[in-house]
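All chains are named by letter (A, B, ...) in the order of the sequence lines, taking the proteins before the strands, and each is independently numbered beginning at 1. Being a predicted model, the structure only gives us computed values, none of them experimental.
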Amino acid sequence: MQNLKKMGWSAALLTALLSAGSTHAMSDDEFRNEFLAGSMAWSEVESRAQEEGTVNFYYWGGSDIINLWIDQVAKPALAERGVTLNPVRISATKDTVDVIIAEIASGKGSGEGSVDMVWVNGENFFTLKQQGALWGSFAHKLPNSANFEWDETDPRSLLNLRDFGTPTEAMEMPWSGEQYVCAVNRAHVTQSETPATFADLKAYLEQNPGKFTYVKPPHYLGNTFVQSVLYAHNPEGSGADPFQNSLEDLGVERLATLITPGFEYLKELDPLLLGGPQGNPRYPESSSELDNLFLNSEVHFNCKFGLYGVHTGLITGTYPERAEEMIFPKGNMIKNKNYLAVPLNSPNPAAALVAINYFSSVEAQASMMAQAGMPAGVDMWTLSAADQARITEAAPPHYGVTQAELDANIAPDTNASLVDVIEGTWLEVIERGSNKPIKQVVADVVAGLN
Amino acid sequence: MTTQGLRRLSVGQRLFVLAVLAFTVGPFAPLLIQSFAFRWAWPDLMPSVWWFEQRQISPFPLAWDYVLSPTSQVLEATINTVGIGVAVMVVCLIICLPAARVLARGHFRGKRRLEFVFSLPLLVPEAAIGIALLMIFIGLGISGTYPGVIAVHLIPTVPYMLRMLTSVYQGLDAGYEDCGRVLGANEWQVLTRITLPLLLPGVLAGALFTFLVSTNLFLLTFFIGQGKIVTLPTLLFSQISGGAMGATAAGIALIASIPGLILLVLSDRLIREEAFALGIGDT
C-alpha cells in the first residue's frame, strides 16, 4: 500500500508536469489552476461545462427514493444547464475510491480518469485526501457556497470545515446534514418507558432483555453510538468537548481516563443486547440489517444517521407501522454532514463543478428534502427569509418529536485520530472480551497504530 | 414425471422428490412474495401491507413500478448481462476447444502440472486480484469498456470450460474421426460433421456454465467496468448491500435469474434432441 501511495504521488506529479493538453481551448491543468486561483468567471466555467457535456456521478445507489430524485429532478435540471448527468450507482463508495486511486497510480492523471464527482464522507474522504487524489479547494469558490458558513471563528462552521475531524480544506462541498437519531417502535415501548439517557436504556433492557443493539464498530454507525456513550460518560462532565482534540493534543493517558467510564457501561450493556440473554450478543453489520431487526420487532429501537429516517422507513415499508423518533441520548445526538468531492483526474471537472453548484442550491436542497428524505446541507442562517421558508416547508414530517427538540440536543463528531483508538479499544474490550484495564488496552491500541 | 410415475414411488422416494423441489423451487417463493410486498415483518406469514394496496397513495413508484421504471436501469443491465454472457461464451469456446483437444489427446511432459495450472484461477478470490487487474487494464486502455469486461470474465470461466471439454474429448474416440478421414472427409468436414456433433452435449454444458458464471460476476465486473457498465449483479449488489432485501431488490433478483433460466431450458432441449437424433445415450 505504501508503494501504491508513492506511485500515486509520483504519477500525479508526472502527469501534472507532462500533461499534453486536451480537446478544449484550455487544458485540464490550466483550467484547474485558473479556477483554484480564483481568476475565472463562473460563466466561463459554465461554458466549459457545456463543452464537456457529461458528468459521471458515482454514488451509493441503495435507496430507491434517492435514485428517483436524481433521475427525475437533478437530471432534467442539469440538462437545462447543458450538462448530462450520468448517475453511476455503486454498492460501496470504498470501491470507487479504490478505482480512483488505482487509476492515478497507473498514470491516469489530470482529465484522464473516469469519475467526475463522488458522494463521500469520513474515511473515504480521508483516504482520497491522504493519497492526493482530490481536485483541489473548490467548494468556497462556487456561487452557491454563499449558502454555507465558512468563517472559522463561528463554531457552526465546523461541520463544513471538518469531516470526521479531517479538515475538508474546501476539497469537498457539503451536500446533506445528518443527525444520529434513534427510532422507537411504539407497538412495544410506551411514552413513559422511552429512555432519554443511557441509564434509562439500561433500565429498560433489564426489564426487556435483548431488545436493543447497535451496528458493529468499525462501521461508522457503530462508532457513532460508542462516541455518544463516551460523551455522556465523560468523567470531567464536559461531554463532547475534549473529544474534539487530536490524539496528540489530548494524550493517551487522558484519553484513557476520559473513555473508561463509557467502556464500563458498554461492557455492562453487552449481555443485555440482542442475543445477550442467550449468551451470544449480536451486533448487526450494517444499517439495513438493523432496519430489518427493527421491522421484525427483534429490537425495539433503531439508531442511525437519519433525521428523516422514520419518514423514509414508513413510506418505503422498511419500518414498523408505529415507529417514532425519540430524543436519545439527551444532549448527545451527533450531527455531521456528507459531501460531494471531485477526484484529481476527473475527465469533466467543469461539469462536475456546475453539478455540485446545482446540488448545493436552495432549489435542489428543498426538492431533495421533500422527495428523497435527505436533510438539507445548507446552513439556514446564511439564507434569505424566503429561502429559509422554502427549506422549512420542504422538510418531511417528524414523528413524536419536533425539529426544535432535535436541534436542542446535538453534539459534534469525534476527532478522526481518536476514532481509530476508540474503535480498536471497542474491538478488544467488547468483541474479544478482554479483561485488561482500559488504560492498558488504550496504550496497546495506540502502540499498534504507530 | 407423470402422476402414475409418482404413485409408484415409495414414501421415502416421494419425500426425496419433495426435498429436491423444496431446495430448487423453494428459494424463489419468498422472493416472489417479497417482490409484491410493501411491509412484510416477522411473525406475519404473508405481508401485512401489499405493494398494490400502497401503490395509489405512495408518493413514488414502489416495488415493480420502480423495477420497471427507467430509473432502475434493469433493461440496460439485462441487455449488458446477456450480451457480455454470450460474448464470453463464444470467446471461451474458441479458446478452449483446441486447448481441450491437446490436453485430452496429446502426450507430453508436464501435462498433469499444466492442467493443474490452468485450474488455478478458480482458487484466487476476485477481491484479491481486482485492483491489480484494473491497473493492468487501465494500462492497456480497455478499462471501462465492453472488451475489457469480456476479457476479465474469461479468467474465471476458461478453467471451467476447459475441464469440461477435456473430459468430453477424452470420452470421444479418435477412431470416429479416423473413420471419417478414411472414407474421404476433409478436416473441415470431420470437425463439423463428426467431432462437433459428438461433443455437443459437453459443449452445451460448458457454454451454460460459462454463461452462468459470467452473469453472476460482481466484483470483477465492477472494477473493470469502473461502474460504467451496469449488469444485473452490479445492480443487485447496490440494492442488497447489507443483508436486507426490499421489494425492488427482490424484483431485480427475479429478473436476474431469467436469462440463466431461459438458457437452461434451451440447452436442456438441445441436448435431448441432439442425443436422440444421434442415437446415443440411454433414452
Of the backbone (N, CA, C, O) and the side chain (C-beta and beyond), which part of [X] lies under 4.5 Å from a heavy atom of chain B, both, or neither?
{"X": "A:Glu103", "answer": "both"}
{"X": "A:Glu321", "answer": "both"}
{"X": "A:Leu314", "answer": "both"}
{"X": "A:Ile65", "answer": "side chain"}
{"X": "A:Pro320", "answer": "backbone"}
{"X": "A:Thr316", "answer": "both"}

Check whether [X] gets within reach of chain A through its side chain, its backbone, both or neither, counting any heavy atom under 4.5 Å.
{"X": "B:Pro61", "value": "both"}
{"X": "B:Trp51", "value": "neither"}
{"X": "B:Tyr66", "value": "side chain"}

[atom1]/[X]: more than 12 non-hydrogen atoms of other groups inside 6.0 Å:
{"X": "B:Leu123", "atom1": "CG", "value": "yes"}
{"X": "B:Phe218", "atom1": "CZ", "value": "yes"}
{"X": "B:Arg163", "atom1": "CZ", "value": "no"}
{"X": "A:Glu178", "atom1": "CD", "value": "yes"}

- Select all residues of residues 210-220 of chain A having any heavy atom within less than 4.5 Å of some heavy atom of chain B, and report them by number, or 'none'.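 Listed by number, there are no contacting residues, so the answer is none.
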- Top contributor to chain B interface from A:Asn67, A:Asp64, A:Leu290 [non-hydrogen pairs under 4.5 Å]: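 Greatest number of close heavy-atom pairs with chain B: A:Asp64.
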- Task: Please check if the distance between the ring centroids of A:His300 and A:Phe294 is under 6.0 Å.
- Result: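 Judged by ring-centre distance (under 6.0 Å), A:His300 and A:Phe294 do not meet the cut-off.
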- Query: Can the ring centres of A:Phe57 and A:Phe359 be said to be less than 6.0 Å apart?
  - Reply: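 Centroid separation for A:Phe57 and A:Phe359: below 6.0 Å.
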Side chains of residues 128-146 of chain B: which donor-acceptor partners sit under 3.5 Å, not counting sequence neighbours?
| unit_1 | atom_1 | unit_2 | atom_2 | d |
| --- | --- | --- | --- | --- |
| B:Thr145 | OG1 | B:Ile142 | O | 2.7 |
| B:Thr145 | OG1 | B:Gly148 | N | 3.2 |
| B:Tyr146 | OH | B:Asn80 | OD1 | 2.7 |

- Smallest separation among heavy atoms of A:Val97 and A:Leu128, with atom names: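 Reported closest heavy-atom pair: CG1-CD2, 3.9 Å.
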- Query: For chain A, which of B:Val230, B:Leu219, B:Thr71 has the most heavy-atom pairs under 4.5 Å?
  - Reply: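 Of the candidates given, the most pairs with chain A belong to B:Thr71.
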- Task: Could you tell me how the ring of B:Trp64 sits relative to the ring of B:Phe36: parallel (under 30°), tilted (30 to 60°) or perpendicular (over 60°)?
- Result: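 Judged by the thresholds at 30° and 60°, the geometry between B:Trp64 and B:Phe36 is tilted.
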- Item | Check: A:Glu52 side chain, A:Ala351 main-chain N or O, donor-acceptor pair, under 3.5 Å |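 A pair under 3.5 Å: yes.
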